[in-house]
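Here's the structure we're looking at; comments come further down.
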Amino acid sequence: MAPVVATCITQHTLWQALTGELPPMALPATPIGRAVLDSRDVQPGDLFVALAGQQTDGHAYVGAALAAGASAVICEVRGREQAAARGAALIDCTRGRWSLTAKLPAQATAATPIAYLVDDAEVGLQNAGGFQRVHRTRDDLRVIGITGSVGKTSTKELTAAVIKQRFITLATPGNLNNEQGLPLTLLGLNHKHERAVLEMGMYDTGEISRLCELGRPHVGVVTNVGPSHLSRLGSIERIQQAKSELPQALPAADDGGVAILNWDDERVRTMVEVTKARIFRYGLTSEADLWADEIESGGMDGIRFRFHHRKPNGQVDSLHVRVPLLGRHSVHTALRAAAVGLVEGLGWDEIVSGMQGIPGQLRLVVMPGINGSTIIDDTYNANPGSVAAAVATFKELAPAGRKFMVLGDMLELGEHTRALHREVGALIGACHLDGLFLTGTMADAVAAGARKQGMPAQQVVTAEKSGLTEKLKALLRPGDYLLIKGSRGMAMETVLKALLEWAHTPTDTETEAP
């Protein structure tokens, strides 16, 4: 589903960002409340950005967006004819941002939609977002950037919950963390915001550098370096290089730059060499500036542990806390959010209060399943690190009762795909689950790894998603637990949806008239 993002921009913002000139006197500073990427989502007054995707090109729907009431469109030249046919004012921005003589047509009125013709629609969107960030925000706005192979979104959500205890904060909605999503987020900034928490993802080197040019972070959090996107980057070293672009882009320590680094990850540790920012270390070791110990899982009741913070004067503050997060791996999420809070001057009462008030379980959802079972929905995405964390959490949450897992392929692992799936299978096989249900082209590799670790062959089932659903309907009973996970492209939520729909299908008795 394409994103729909609330914005704080106006027609003046777009004109200046895309033409490089002052807006004409005849152009009112009309607010543009939303930016959309799918013409079917357009409402009157929206900005429609025509981007070319893998399956469709937004330029085929410029006319439809204007017909639905879009007040502004960013598109390339191939959208010109549709825009003209719908009566839009055509503003040619293709000759270079700062060398234009842009004019509003004499017949244009306040109700005339404007189509900005640009060389590259994605760059046009970035220019608009970057302009809003630089020119339409308060001088003391501080931006927190978050990147890493695993845990970006949960860290962003928890960090925002903490920072909001004191500051008016904008956070990346959902996982809009790429070269399209981040500038969309920036369109929502205004002069009221005191902090912004921005998630930064990447598929290749250079992309996080570009996101930093747009977002201008002062604080950078690196969660970890793992084998996600290996198919695009080719090696773990290049992933490390790509993630290091965030601390490298930060201001110097004297200018307020702070790099918050995972001291438990050797590859993240090396990033001290590429940044001029102040280093703030977190982890499970007392070498860090902020660390945790005495970790206890309370299952569905969350986790308990003790924070330790070493102040610049050497004094160590310690604090026992309980937070409503699932799994021991969530301690690192809590450490990151607390680190940002400390760096930004919050007290422990504010930090803990923010953690206690997080909505739900971030991305991990626990819900009643079919036949009295419990389903743990972790269908959001998957890579080797997140699968390992999910399985560890699963064991903690389900100390009693039978435990089953449904796993789809982990995508974008390149030439290491089969080996990494075998490793994940071995990890699962060592966990003594009662059943493993696999789907996808790598199911055989996962199964081989699980069996090698002693998982009985009859407990490993490989099938299409529809087949897995049917087997689970017959298998699950009260007290059972089911974990569902897989990469985004595998759409594992369809398994969850099928199970829940079956569970809520009325029986003949239920539909019989009284």
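On a predicted model such as this, the values are computed, not experimentally measured, just so you know.
- Put simply, the side chain of Ser353 never gets that close to the backbone of Glu350: no donor and acceptor are under 3.5 Å apart.
- Of the inter-residue distances, the one linking Leu500 atom CG with Ile375 atom CD1 reads 5.0 Å to the nearest 0.5 angstrom.
- Asn262 CG to Arg281 CZ: the interatomic distance, rounded to the nearest 0.5 Å, is 12.5 Å.
- Closest heavy-atom contact between Asp38 and Ala2: CB-CB, 3.7 Å.
- Formation of a donor-acceptor pair under 3.5 Å by the Asp264 side chain with backbone atoms of Gly283 is not found in this model.
- Listed by chain and residue number, Phe305, Trp348 satisfy the ring pair (Phe, Tyr, Trp, His ring centres under 6.0 Å) test with Phe307 (two or more places apart in sequence, or in another chain).
- No side-chain donor-acceptor contact under 3.5 Å links Thr169 and Glu194.
- For Val62 against Gln82, the heavy-atom pair with the smallest separation is N-OE1, 3.5 Å.
- Between Cys75 and Leu117 there is a side-chain heavy-atom pair separated by less than 4.5 Å.
- In this structure, the side chains of Met200 and Ile146 stay at 4.5 Å or more apart for every pair of heavy atoms.
- Ion pair Arg138/Asp140 flagged as a salt bridge, since at least one NZ, NE, NH1 or NH2 atom sits closer than 4.0 Å to an Asp/Glu carboxylate oxygen.
- Atom CD1 of residue Ile9 and atom CG of residue Asn190 lie 12.5 Å apart, to the nearest 0.5 angstrom.
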Test salt bridge (Lys or Arg N to Asp or Glu O under 4.0 Å) applied to Lys276 and Asp255, step by step: CA-CA 10 Å; Lys276 296 180 180 178; Asp255 296 320; over 6 Å; no

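- When side chains are defined from C-beta on, Ser386 counts as touching Lys485, because their heavy atoms get closer than 4.5 Å.
- Proximity of Trp291 to His309: side-chain heavy atoms (C-beta onward) are nowhere separated by under 4.5 Å.
- Within the 4.5 Å cutoff, no side-chain heavy atoms of Leu261 are placed close to those of Arg269.
- With hydrogens and angles disregarded, a donor-acceptor distance shorter than 3.5 Å links the side chain of Thr223 to the backbone of Val150.
- Under the 3.5 Å distance criterion, the side-chain polar atoms of Thr275 are matched with a main-chain donor or acceptor of Pro247.
- Between Asp41 and Pro3 the shortest side-chain heavy-atom distance does not fall below 4.5 Å.
- Inter-residue side-chain proximity for Val424 and Leu407 is flagged as met; some heavy-atom pair is nearer than 4.5 Å.
- Note that the CG atom of Leu141 and the NE2 atom of His191 stand 10.0 Å from one another [nearest 0.5 Å].
- Here Arg78 pairs with Asp57 in a salt bridge; the nearest charged N to carboxylate O distance falls below 4.0 Å.
- Lys156 places no side-chain N or O within donor-acceptor distance of the main-chain N or O of Thr147, the cut-off being under 3.5 Å.
- Within a 6.0 Å sphere centred on CE of Met367, other residues, nucleotides and ligands contribute more than 12 heavy atoms.
- Although no hydrogens or angles enter the test, the distance criterion places a donor-acceptor pair under 3.5 Å between the side chain of His59 and the main chain of Glu76.
- Between the Gln132 side chain and the Ala128 main chain, no donor and acceptor come within less than 3.5 Å of each other.
- Separating the CG atom in Leu182 from the CG atom in Leu176 is a distance of 9.0 Å, to the nearest 0.5 Å.
- The 12-atom threshold is exceeded at CZ of Phe167, counting heavy atoms of other residues, nucleotides or ligands nearer than 6.0 Å.
- Under the 3.5 Å distance criterion, with hydrogens and angles disregarded, a donor-acceptor pair is assigned to the side chains of Asp409 and Thr441.
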Audit row: Arg267, Glu237, side chain to side chain contact (heavy atoms under 4.5 Å, CB included) steps and yes/no: CA-CA 9 Å; Arg267 295 186 182 278; Glu237 289 76 20; 3.8 Å; yes

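- Note that CG of Leu187 and CG of Leu170 are 10.5 Å apart. Values are rounded to the nearest 0.5 Å.
- Shortest non-hydrogen contact noted between Pro251 and Pro217 is CD-O, 3.3 Å.
- Looking at heavy atoms from C-beta onward, Asp92 lies out of side-chain contact with Tyr116 at the 4.5 angstrom threshold.
- A donor-acceptor contact closer than 3.5 angstrom links the side chains of Ser209 and Glu245.
- When all heavy atoms are compared, the tightest approach of Val219 to Arg142 is CG2-NH2, 3.3 Å.
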Working for side chain to side chain contact (heavy atoms under 4.5 Å, CB included), residues Leu284 and Val331: CA-CA 9 Å; Leu284 303 182; Val331 174; 4.0 Å; yes

Full working for salt bridge (Lys or Arg N to Asp or Glu O under 4.0 Å) between Arg166 and Glu344: CA-CA 10 Å; Arg166 180 179 296 187; Glu344 292 305 295; over 6 Å; no

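- Looking only at atom types and distance, the side chain of Thr159 has no donor-acceptor partner in the side chain of Arg336 under 3.5 Å away.
- Residue Asp349 qualifies as enclosed at atom CG: its count of foreign heavy atoms under 6.0 Å is above 12.
- With hydrogens and angles disregarded, no donor-acceptor distance shorter than 3.5 Å links the side chain of Thr172 to the backbone of Asn175.
- No donor-acceptor pair under 3.5 Å is formed between the side chain of Glu207 and the backbone N or O of Met202.
- Scanning both residues, Glu199 and Lys152, for their nearest heavy atoms gives OE2-CB, 3.6 Å.
- Between the side chain of Arg133 and the backbone N or O of Leu186 there is no donor-acceptor pair closer than 3.5 Å.
- Using a cut-off of 4.0 Å between Lys/Arg side-chain N and Asp/Glu carboxylate O, Arg310 and Asp317 are scored as not salt-bridged.
- Here the closest non-hydrogen pair linking Val118 and Cys93 is CG1-CB, 4.0 Å.
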Derivation and outcome, side chain to side chain contact (heavy atoms under 4.5 Å, CB included), residues Val340 and Phe280: CA-CA 9 Å; Val340 175; Phe280 189 102; over 6 Å; no

Residue pair Met355, Leu158: steps toward the side chain to side chain contact (heavy atoms under 4.5 Å, CB included) verdict: CA-CA 6 Å; Met355 291 182 178; Leu158 192 60; 4.1 Å; yes

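- Salt-bridge formation is detected for the pair Arg210/Glu213: a Lys NZ or Arg NE/NH1/NH2 atom is positioned less than 4.0 Å from an Asp or Glu carboxylate oxygen.
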